[in-house]
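Atom set for the values below is all heavy atoms of this structure, side chains included, hydrogens, waters and symmetry mates excluded.
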Amino acid sequence: MHAPNVIGGVRLPDGGGKTVRLRQGASLADFAEKIGTEASNLVQALFNLGEMVTATQSVPQETLQLLGAEINYEVEVVSPEDEDRELLESFDLQFGEDEGDEEDLTHRPPVVSVMGHVDHGKTRLLDTIRQANVGSGEAGGITQGIGAYQTTVTLEDEPRTITFLDTPGHEAFTAMRARGAQSTDLAILVVAADDGVMPQTVEAINHAKAADLPIVVAVNKIDKPEAQPDKIRGQLTEYGLVPEEYGGDTMFVDVSARNNTGIDELLEAVLLTADAALDLRANEDMDAQGLAIESYLDRGRGPVSTVIVQRGTLRVGDSIVVGGNFGRVRRMVDEWGNDVEEAGPSRPVQVQGLNGVPGPGDNLLVVEDDRVARQIAAQRDARKRSAMQARRKKRVSLENLDAALKETSQLNLILKGDNAGSVEALEEALLKIEIDDEVEVNIIDRGVGAVTQTNVVLAAASDAVIVAFNVRAEGKATEEAGNEGVEIRYYSVIYQAIDDVESALKGMLKPVYEEREIGAAEIRQIFKASSVGLIAGCMVTEGKVRRNAKCRLVRDGNVVTADATIQSLRREKDDVTEVDKGYECGMVLSYPDIQVDDVVQVFEMVEVPRD
């Protein structure tokens, strides 16, 4: 056992139990700076512990903690949330808190997420509520992005506003739906009365419960003859959603989005649940804070981000930072495309003026000027890249070094999509594909917007395939792709892309061969010929022997050689291709050391299909 401060002859400072705080994705150089030693010492020490890491490479959390424990330091890896909080505090900013006193808070509309299975009618329900049709323009009727909309309801003769969030239904959009739950106050769970609880229904319930959201259940499609709304109530009871009529506290409303039945009752249930379970108040006089819901790159307008203001008021001209992007609010429009000068709490708007495309769930902050926004965005962006690098970096230890050095086939991909959420969802889904250790997906670049010439040049240089989701190639990109032989695959439904990539990975697997016995022959006599050397006079005892076939030579039960070839095969005076069991033959082997009574076992290697 090494002394706490000596590892394999490398002397390191003894931490004495001190705590070292490191960001997620930190390198050994970062660790060395914190404890006052050379990064090369930590590289050597970690090598002696069986890990091969460079000084500047992002290191996984468990590796940092292992090294820290060896030199008597307690390594605390700061979560992204804590790191972001500390970053903002250094600029005298806070996210997620209302400024001012109790009297400064005013009521705000509830933000409602519509969740449920892919074909249970979520989008049609929203269409009915806002009297617009989003679904008809979506491939396969699947909502591919996140949209936010407001509607006005009259409750007890008082006009009330509700903000609705539509989240995609396909299973690949789990991350986006989870973010949707985090950015809302209340969830409407849509369940088809003619179908029942499905896996995505359970997933939606889990997301809502994880975010501690009240749930209102919309039992949809009650107009269908096979509808069984009572059965739905019974099924959902098993998941902790007990209807009020059964003595529970969850409001169930029977609706038909197609026939516009029960919609008013559903909206009333949303408001009543929000009033009873939530204290929805915010200070509208402070600098705005909010969340990016969806973002995309528009050819004419540049980066466009749909945001929901959670507190404060966002105004045209404000300096903002959204995730790792910054800018000044140049223009804001509502869901109908009308210009908006300011947006208060719970108001969804599209913002123009950012320098890049934010990711879904990135928080929005108004700061004092563009300089502060740029500094915060730069630090956030650097932190995100380091954390991503640490997450994706495969650890190489001395034990698995041999396997790591073996050639692994990679399918290099460049992802382009119509909005940030789609690209992120597609990336997560593709990285989860597991075929075999021999092949893997390597996403070398991703972005929002059309496929550009730059993407094609990168694809050509790295032998990558471009996956374009709901976007096309622009300008000379198509011509360039043709000239360079770069494949651009276009998709409008995400699971088609996933299936194609999975098929491509299976095609990259090296063939698996197994040995199949053909026959065996026993050497009875040996003849010498000046032209060919030794000729084995054999009797075929099993199966058949075949010219040019692989064989092994067995002597007294021991394998003399396992890699010989039958170079020549004769039957009497004729050259033949094969000789069957029970016949004599003469053969010349590629292995010259043969003896009488040796057994020649003939086999072939046959490719077998993978499971």
Side-chain angles (χ1 to χ4, degrees), residues 79 81-82 84-113 148 150-165 179-188 208-216 249 251 267-293 307-322 329 332 334 340-349 351 361-369 372-373 376:
S79 69
E81 293 78 16
D82 288 342
D84 197 48
R85 190 177 301 112
E86 291 173 8
L87 170 63
L88 295 178
E89 285 174 356
S90 68
F91 289 93
D92 292 326
L93 295 168
Q94 285 185 318
F95 181 81
E97 295 183 13
D98 286 287
E99 297 172 0
D101 299 324
E102 190 76 11
E103 57 269 19
D104 297 320
L105 304 179
T106 56
H107 286 280
R108 64 173 180 82
V111 179
V112 180
S113 179
Q150 279 196 329
T151 189
T152 302
V153 187
T154 301
L155 180 66
E156 298 176 353
D157 298 326
E158 180 186 349
R160 299 278 297 273
T161 301
I162 302 175
T163 300
F164 281 96
L165 196 65
R179 287 225 177 86
Q182 290 164 5
S183 58
T184 56
D185 305 309
L186 183 145
I188 293 179
K209 286 186 173 179
D212 199 22
L213 299 181
I215 298 175
V216 174
D249 55 5
M251 296 187 74
L267 298 180
E268 287 181 14
V270 167
L271 290 173
L272 291 171
T273 301
D275 290 346
L278 302 168
D279 179 20
L280 299 178
R281 295 184 298 165
N283 183 356
E284 60 183 25
D285 295 326
M286 60 182 282
D287 287 335
Q289 297 181 2
L291 286 176
I293 300 301
V307 303
I308 285 187
V309 179
Q310 294 178 310
R311 56 191 60 80
T313 300
L314 183 64
R315 297 177 176 84
V316 173
D318 282 346
S319 294
I320 58 172
V321 54
V322 186
V329 180
M332 289 193 298
D334 62 15
V340 176
E341 289 300 315
E342 58 181 40
S346 299
R347 182 74 186 271
V349 286
V351 173
D362 283 352
N363 58 51
L364 174 147
L365 275 168
V366 171
V367 295
E368 56 182 312
D369 56 38
V372 173
I376 295 174

Looking at residues at least two apart in the chain, or sitting in another chain, which of them share a salt bridge (charged side-chain N to carboxylate O under 4.0 Å, His left out) with Glu102? Arg281
Would you compute the distance between atom OG1 of Thr313 and atom CZ of Arg347 and round it to the nearest 0.5 angstrom? 11.0 Å
dist Arg311:CZ -> Asp285:CG (nearest 0.5 Å) comes out at 14.0 Å
How long is the span from the CD atom in Gln310 to the CG atom in Leu364, to the nearest 0.5 Å? 9.5 Å
Spacing of Met251 atom CE and Ile188 atom CD1 [to the nearest 0.5 Å]: 11.5 Å
Which of these, Asp275, Leu278, Leu271, sits in a side-chain contact (heavy atoms from CB on, under 4.5 Å) with Pro110? Leu271
Give a yes or no on whether the backbone of Val309 and the side-chain of Ser346 come within a donor-acceptor separation of less than 3.5 Å. no
pair Val216-Val112: side-chain heavy atoms closer than 4.5 Å: no
Drop me the distance from Thr184's OG1 to Phe164's CZ, to the nearest 0.5 angstrom. 11.5 Å
With respect to Gln289, which candidate in Asn363, Leu365, Val366 satisfies the side-chain contact (heavy atoms from CB on, under 4.5 Å) definition? Leu365
Could you point out which residue of Leu291, Ile293, Ile308 forms a side-chain contact (heavy atoms from CB on, under 4.5 Å) with Val111? Ile308
Could you give the distance from CG (Leu105) to CD (Glu284), rounded to the nearest 0.5 Å? 10.0 Å
